Colleague: 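If you scroll down you'll find the structure; I have some questions about it.
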Amino acid sequence: MKETSVFDCSLIELDKHHHEKGNISIVENGIEIPFNIKRVYYLYDIPGGEDRGAHAHKELRQLIIAASGSFDIVLDDGKVKRTVTLNRPYIGLLVVPGIWRELVNFSSGAICMVLASEKYDENDYLRSYEEFINIKA
Ligand code: TYD
């Protein structure tokens, strides 16, 4: 995680299967994404002006999808910051370990769905930006 950069985080466009009754996109372990999903969680009912995230992970890999609405993800590897807007339910952002991320500018009713490579483990979090910067230096 020490060596990862914001440019290791990539947008993944999922197939969007058109159907007259609506669309469907599919994510399968090791096919559309380079890891096995052990956990799914989603953020919703986010109050206006609220930010989420503000942490990094040591090992966890994630695919973050705007399942509804839109938001921005500010990625930071300690040297470079990059902002990615998610606003399509068939596009996910792959976030590698060692990236500080903040989720901002949620639209009303936005749903942020996260597919994660590991079970929840508080020890995998870096929640101090100072500690994060020291590790990445
Ligand atoms: P956190 O990851 O800090 O939220 P966000 O990055 O979305 O702002 O998690 C918020 C709270 O939820 C925190 O107390 C830990 C808890 N939590 C779990 O118990 N299990 C989980 O899988 C996740 C993602 C969070």
Side-chain angles (χ1 to χ4, degrees):
M1 71 143 251
K2 188 173 158 46
E3 305 295 336
T4 53
S5 101
V6 294
F7 302 109
D8 298 321
C9 299
S10 52
L11 287 169
I12 293 180
E13 183 162 349
L14 306 168
D15 281 342
K16 184 167 93 171
H17 300 276
H18 289 283
H19 192 284
E20 58 195 22
K21 295 180 182 174
N23 299 328
I24 181 169
S25 295
I26 297 142
V27 183
E28 292 163 286
N29 286 339
I31 298 180
E32 289 82 6
I33 52 171
F35 60 82
N36 286 339
I37 301 163
K38 291 206 182 132
R39 176 169 55 114
V40 176
Y41 63 91
Y42 43 99
L43 313 175
Y44 55 97
D45 289 348
I46 299 146
E50 202 59 63
D51 299 339
R52 301 294 299 253
H55 61 253
H57 285 282
K58 299 174 193 166
E59 302 286 344
L60 190 71
R61 288 178 290 166
Q62 295 166 302
L63 187 77
I64 304 180
I65 297 173
S68 186
S70 66
F71 50 87
D72 297 333
I73 305 181
V74 184
L75 303 169
D76 177 353
D77 59 21
K79 295 186 181 73
V80 176
K81 283 191 186 186
R82 180 182 163 209
T83 299
V84 176
T85 298
L86 291 179
N87 55 12
R88 298 278 183 270
Y90 55 87
I91 293 183
L93 177 68
L94 182 69
V95 181
V96 298
I99 303 293
W100 190 268
R101 89 290 307 274
E102 294 182 11
L103 280 65
V104 301
N105 294 334
F106 285 93
S107 68
S108 172
I111 299 177
C112 170
M113 183 169 70
V114 183
L115 313 181
S117 66
E118 305 297 335
K119 292 182 180 169
Y120 175 71
D121 176 6
E122 187 58 36
N123 293 322
D124 190 66
Y125 282 75
L126 291 170
R127 292 193 185 272
S128 155
Y129 189 69
E130 197 182 352
E131 186 189 356
F132 168 73
I133 290 294
N134 287 338
I135 289 173
K136 295 294 273 188

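Order of listing sets the numbers, starting from 1, for every ligand and every atom in it. Everything quoted here is computed from the prediction, not taken from an experiment.
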Colleague: What is the distance from atom CG of Leu93 to atom CZ of Arg101, rounded to the nearest 0.5 Å?
Modeller: 9.0 Å
Colleague: Below 4.0 Å, non-hydrogen atoms only: which portion of Leu103 touches ligand 1? Side chain, backbone, both or neither.
Modeller: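 For Leu103, there is no contact with ligand 1 at all, from either part.
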Colleague: Give the atom numbers and elements of ligand 1 that come within less than 4.0 Å of a heavy atom of Gly53.
Modeller: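 In order of numbering, the contacting atoms are 5 (P), 6 (O), 8 (O).
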Colleague: I'd like to know if atom 11 (C) of ligand 1 has any protein heavy atom within a distance of less than 4.0 Å.
Modeller: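 Answer no: nothing from the protein, no heavy atom, is under 4.0 Å.
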Colleague: As an exercise, identify every atom of ligand 1 less than 4.0 angstrom from a heavy atom of Tyr41.
Modeller: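 Reading through ligand 1 atom by atom, the close ones are 24 (C).
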Colleague: Record the part of Arg127 in heavy-atom contact with ligand 1 below 4.0 Å; permitted values are side chain, backbone, both and neither.
Modeller: side chain
Colleague: Ignoring hydrogens and angles, write down the donor-acceptor pairs under 3.5 Å from the side chains of residues 129-137, residues two or more places apart or on other chains.
Modeller:
from	atom 1	to	atom 2	distance (Å)
Tyr129	OH	Asp76	OD2	2.6
Asn134	ND2	Glu130	O	3.3
Lys136	NZ	Met1	O	2.6
Lys136	NZ	Lys2	O	3.2
Lys136	NZ	Thr4	O	2.9
Lys136	NZ	Thr4	OG1	2.9
Lys136	NZ	Gly98	O	2.9

Colleague: What residue and atom, counting heavy atoms only, is the protein's closest point to atom 2 (O) of ligand 1, and at what distance?
Modeller: Tyr125 OH, 2.7 Å
Colleague: May I ask you to check whether over 12 heavy atoms, not counting those of Tyr120, lie within 6.0 Å of atom OH?
Modeller: yes
Colleague: Report, as yes or no, whether the 6.0 Å neighbourhood of atom OH on Tyr41 holds more than 12 heavy atoms from other residues, nucleotides or ligands.
Modeller: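 More than 12 heavy atoms, drawn from other residues, nucleotides or ligands, come within 6.0 Å of this atom.
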Colleague: What protein heavy atom is closest to atom 15 (C) of ligand 1, reported as residue, atom name and distance in Å?
Modeller: Tyr120 OH, 3.3 Å
Colleague: Which residue holds the protein heavy atom closest to atom 4 (O) of ligand 1, what is that atom called, and what is the gap in Å?
Modeller: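 For atom 4 (O) of ligand 1, the nearest protein heavy atom comes out as Arg52 NH2, 3.6 Å.
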Colleague: Near Lys16 NZ, under 6.0 Å, is it more than 12 heavy atoms from other residues, nucleotides or ligands?
Modeller: yes
Colleague: To the nearest 0.5 Å, what is the distance between CD1 on Ile99 and CG on Leu75?
Modeller: 6.5 Å
Colleague: Out of all atoms in ligand 1, which are within 4.0 Å of some heavy atom of Leu43? Include the element for each.
Modeller: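 Within the 4.0 Å cut-off of Leu43, ligand 1 contributes 7 (O).
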Colleague: Hey, what do you get for CG (Asp51) to CG (Asn105), rounding to the nearest 0.5 Å?
Modeller: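 Answer for the CG-CG pair, Asp51 versus Asn105, is 7.5 Å.
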Colleague: What protein heavy atom sits nearest atom 22 (O) of ligand 1, and how far off is it?
Modeller: Arg39 NH1, 2.4 Å
Colleague: Does Arg127 come within less than 4.0 Å of Glu122, counting only side-chain N to carboxylate O?
Modeller: yes
Colleague: Within the protein, is there a heavy atom lying under 4.0 Å from atom 8 (O) of ligand 1?
Modeller: yes
Colleague: Which one of Glu118, Lys119, His55 has a non-hydrogen atom at the shortest distance from atom 6 (O) of ligand 1?
Modeller: His55
